[in-house]
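Note sheet for the following structure.
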Amino acid sequence: MILKGSQRSGAKQLGLHLLKTEENEHVELLDIRGFMSDDVVGALREAEAIAKGTKCRQFMFSVSLNPPENERVHVRTFEKALEAIEEKNGLTGQPRVVVFHEKEGRRHCHAVWSRIDPETMTAKPMSFYKNKLREVSRQLYLENGWQMPRGLIDPKDRDPRNFSLDEWQQAKRIGRHAGELKELIQEAWATSDSARTFAHALEERGFYFACGDRRGHVAVTFEGEVISISRATGKKAKELHARLGKPDALNSVEETRKRIAEEILPRIKSHVDEARASARAELDQLNARRMEMAKAHALERAKLDAGQKARFEAEARTRADRFRKGMMGLWDRLTGMRAQLKKQNQLEVMWALRRDQDQRQMTINAQLRERGDLQKEINAARTKHAQASRALHHDAAYYRLMRRGEEPKVKTAFERLVTMREQPALDSKHPRLDRLKEKKPDAAKKHMSSDEHLKRLREHQQTPPRGPELDHDL
């Protein structure tokens with residue numbers, strides 16, 4: 001599972017976030033350890049009060065544990081991960097709070113430790129905690145047989161569509177997905193080779209090229225939100241300047257917003273409003289189903305918890321009745337029978353707790369599968385309406401190009417590759433890409449049998465070679 005940690009303060013804010021039910025369909029408190037208070041906010045405020053006696057400002061260590069999307073992870077796996085995190089970071093025995101969240105058909109965990117050692121009134125050092133969390137994460141993937149993300153194997157290969165909390169909140173304000181916004185900007189970067197074509201590609205996707213307040217390249221959304229090109233594409237300033245030039249010549253964010261309001265908004269506002277209304281109506285129906293499902297699932301879990309509690313109490317009474325009283329009870333003590341019964345009862349209690357835990361986990365897994373099916377419908381609706389919105393901006397961008405007398409076309413990545421191949425090589429010591437590719441089949445023939453070679457020749461005669469298909473949506 002992916003582990004993300006941070007040192008922080010703000011006990012009340014974090015406690016309220018962990019208990020937030022507006023975004024999370026289910027919030028479950030798993031454990032409060034080492035605090036006098038038995039509620040989340042009170043426990044974290046207690047850690048804050050203890051930290052007042054030290055110079056430590058970031059007195060909490062918060063970690064989120066996110067399992068693979070399609071895996072149903074048992075609570076004992078989470079507990080094992082928490083133990084490994086504590087051992088790696090020297091937090092064993094420290095007061096902590098553990099909370100589970102469920103949303104969009106996925107279940108993840110948040111754990112918060114107090115860094116303050118109450119005996120010495122010093123903060124636990126958290127040096128290199130990111131590397132330690134990465135080691136624990138890799139070990140969990142290996143132990144559970146999960147497919148490890150490429151970005152966890154090598155940080156250079158991490159998914160460029162990943163987004164931060166600020167980017168997620170920014171996308172939420174305009175009703176879009178943060179990963180989708182980054183992906184669209186990356187598409188525009190891949191299908192352009194200059195500032196002019198990049199600006200056109202952005203406009204086709206509903207963004208507008210501008211110069212940010214910090215003199216950097218930014219994209220302004222149709223709704224007026226500002227997105228850093230460097231952060232979205234993962235490119236450094238040197239690479240951006242090489243292709244796009246310096247941002248000084250671009251309009252500022254304020255000027256770009258005025259241009260959107262004066263020139264672009266009046267022409268496509270009615271179509272955008274219609275598309276948004278259609279999307280809102282469909283998503284409202286799906287959200288109503290989601291809320292009903294969340295209530296039904298919560299009621300089912302409450303009934304399960306009540307039934308398990310009643311069964312456990314009845315079993316506890318049965319175990320207590322095994323101990324005889326009076327002279328017979330004294331005899332059981334002398335013969336060792338009471339000690340045997342006590343040991344048997346302890347084993348039965350452990351078995352009963354594990355049985356109830358497994359039963360609850362099976363119920364949660366079944367509910368997550370049902371919720372996941374609904375989430376697929378929600379994602380399909382979001383994708384459909386995102387494509388409709390993109391088509392509107394695509395047509396609007398073409399109209400503006402034609403109005404300026406320019407060709408309404410942005411050079412695609414495939415066309416740029418063909419252009420590069422047609423250019424002569426600048427250095428004879430470095431052969432061209434097409435000549436290198438021509439040499440590869442010859443080298444492969446040495447390791448190919450005559451029958452395989454003849455079969456490959458016949459296949460090439462039957463089907464003419466085809467290049468990569470163009471993406472007509474670009």
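Residue numbers count from 1 along this sequence.
Between Arg107 and Glu102, at least one side-chain nitrogen of the basic residue sits less than 4.0 Å from a carboxylate oxygen of the acidic one, meeting the salt-bridge criterion. Between Lys309 and Asp356 there is no salt bridge, since none of the side-chain N atoms of the basic residue sits less than 4.0 Å from a carboxylate O of the acidic one. Between Arg106 and Glu25 there is no salt bridge, since no side-chain N of the basic residue sits under 4.0 Å from a carboxylate O of the acidic one. A salt bridge links Glu315 with Arg355: at least one charged nitrogen is closer than 4.0 Å to a carboxylate oxygen. Note on Glu86 versus Arg33: salt bridge recorded, some NZ/NE/NH1/NH2 to OD/OE distance being below 4.0 Å. Looking at Glu28 and Arg360, a side-chain N of the basic residue comes within less than 4.0 Å of a carboxylate O on the acidic one, giving a salt bridge.
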Run the side-chain contact (heavy atoms from CB on, under 4.5 Å) check on Cys109 and Val98 step by step: do they pass?
-> CA-CA 7 Å; Cys109 177; Val98 182; 3.5 Å; yes
Arg76 and Glu83: CA distance, side-chain angles, deciding distance, salt bridge (charged side-chain N to carboxylate O under 4.0 Å, His left out) verdict | CA-CA 11 Å; Arg76 287 195 289 271; Glu83 292 177 2; over 6 Å; no
Give the intermediate values and the outcome of side-chain contact (heavy atoms from CB on, under 4.5 Å) for residues Ile85 and Leu65.
-> CA-CA 10 Å; Ile85 294 171; Leu65 299 85; 4.1 Å; yes
Does the salt bridge (charged side-chain N to carboxylate O under 4.0 Å, His left out) test come out yes or no for Asp332 and Lys325, once each step is laid out?
-> CA-CA 9 Å; Asp332 289 342; Lys325 301 178 181 179; over 6 Å; no
Verdict with supporting geometry, Trp113 and Val97, side-chain contact (heavy atoms from CB on, under 4.5 Å) = CA-CA 7 Å; Trp113 287 268; Val97 173; over 6 Å; no
Pair Met293-Gln367, side-chain contact (heavy atoms from CB on, under 4.5 Å): steps then yes or no = CA-CA 9 Å; Met293 183 179 293; Gln367 292 180 351; over 6 Å; no
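Residue Arg333 places its CZ atom among 12 or fewer non-hydrogen atoms of other residues, nucleotides or ligands, all under 6.0 Å distant. For Glu87, the CD atom is loosely surrounded, since the number of other residues' heavy atoms within 6.0 Å does not exceed 12. Other residues, nucleotides and ligands contribute only 12 or fewer heavy atoms inside 6.0 Å of the CE atom of Met337. The neighbour count for Gln147 CD, taken as heavy atoms of other residues, nucleotides or ligands under 6.0 Å away, does not exceed 12. Within 6.0 Å of atom CE in Met362, 12 or fewer heavy atoms from other residues, nucleotides or ligands are found, so the atom counts as exposed in its surroundings. Enclosure of atom CD in Gln13 is not indicated, since only 12 or fewer non-hydrogen atoms of other residues, nucleotides or ligands lie within 6.0 angstrom.
Between Thr363 and Asn365, the closest side-chain pair of non-hydrogen atoms is not below 4.5 Å. You'll find the side chain of Val349 reaches within 4.5 Å of the side chain of Phe312, heavy atoms only. With contacts defined as side-chain heavy-atom distances shorter than 4.5 Å, the pair Ser192/Arg243 qualifies. Put simply, the side chain of Trp189 reaches to within 4.5 Å of the side chain of Leu244, judged on heavy atoms. Side chains of Ile185 and Phe207 form a contact here, defined as non-hydrogen atoms less than 4.5 Å apart. Within the 4.5 Å cutoff, the side chain of Cys211 has no heavy atoms near those of the Val253 side chain. Proximity of His74 to Thr77: side-chain heavy atoms (C-beta onward) are separated by under 4.5 Å at one or more points. Between Lys4 and Val63 the shortest side-chain heavy-atom distance does not fall below 4.5 Å.
Test Gln346, Lys342, Glu348 against Gln344 for side chain to side chain donor-acceptor pair (under 3.5 Å) and you get one pass: Glu348.
In plain terms, the two heavy atoms of Met148 and Arg138 that are nearest each other are CE-O, 3.7 Å. The shortest heavy-atom contact between Phe209 and Thr256 is O-OG1, 4.1 Å. The minimum heavy-atom distance linking Leu18 with Val99 is given by the pair O-CG1, 3.8 Å. Here the shortest heavy-atom pairing between Glu282 and Ala381 reads OE2-CB, 3.7 Å. Shortest non-hydrogen contact noted between Arg319 and Asn345 is O-ND2, 3.3 Å. Closest non-hydrogen pair, Leu133 versus Gly5, comes out as CD1-N, 3.6 Å.
A cation-pi arrangement is absent between Arg8 and Phe61 under the rule of less than 6.0 angstrom and at most 45 degrees off the ring axis. Relative to the ring axis of Trp331, Arg324 does not place its NZ or CZ within 45° and under 6.0 Å from the centre.
The closest donor-acceptor contact from the side chain of Lys132 to the backbone of Ser127 lies under 3.5 Å.
For the 3.5 Å distance criterion, the side chains of Gln7 and Arg115 qualify, holding a donor opposite an acceptor. Glu370 and His297 form a side-chain donor-acceptor contact under 3.5 Å, judged by distance and modelled atom types alone. Side-chain atoms of Arg371 and Gln375 include a donor-acceptor pair closer than 3.5 Å. Checked by atom type, the side-chain pair Ser228/Ser230 shows no donor-acceptor distance below 3.5 Å.
Remark: Met291 engages no residue in a side chain to side chain contact (heavy atoms under 4.5 Å, CB included) (not counting sequence neighbours).
Under the 6.0 Å cut-off for aromatic ring centres, His101 and His110 qualify, their centroids lying closer than that.
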Show me the side-chain donor-acceptor pairs of residues 41-55 shorter than 3.5 Å, one per line, residues at least two apart or across chains.
{"unit_1": "Arg45", "atom_1": "NE", "unit_2": "Glu48", "atom_2": "OE1", "d": "3.2"}
{"unit_1": "Glu46", "atom_1": "OE1", "unit_2": "Met36", "atom_2": "N", "d": "3.1"}
{"unit_1": "Glu46", "atom_1": "OE1", "unit_2": "Ser37", "atom_2": "N", "d": "3.2"}
{"unit_1": "Glu46", "atom_1": "OE2", "unit_2": "Met36", "atom_2": "N", "d": "3.1"}
{"unit_1": "Thr54", "atom_1": "OG1", "unit_2": "Ala51", "atom_2": "O", "d": "2.9"}
{"unit_1": "Thr54", "atom_1": "OG1", "unit_2": "Cys56", "atom_2": "N", "d": "3.3"}

List the atom pairs, donor and acceptor, that lie under 3.5 Å between side-chain atoms in residues 139-146 and the rest of the protein, sequence neighbours left out.
{"unit_1": "Gln139", "atom_1": "NE2", "unit_2": "Glu143", "atom_2": "OE2", "d": "3.1"}
{"unit_1": "Glu143", "atom_1": "OE1", "unit_2": "Lys80", "atom_2": "NZ", "d": "3.4"}
{"unit_1": "Asn144", "atom_1": "ND2", "unit_2": "Leu140", "atom_2": "O", "d": "2.7"}

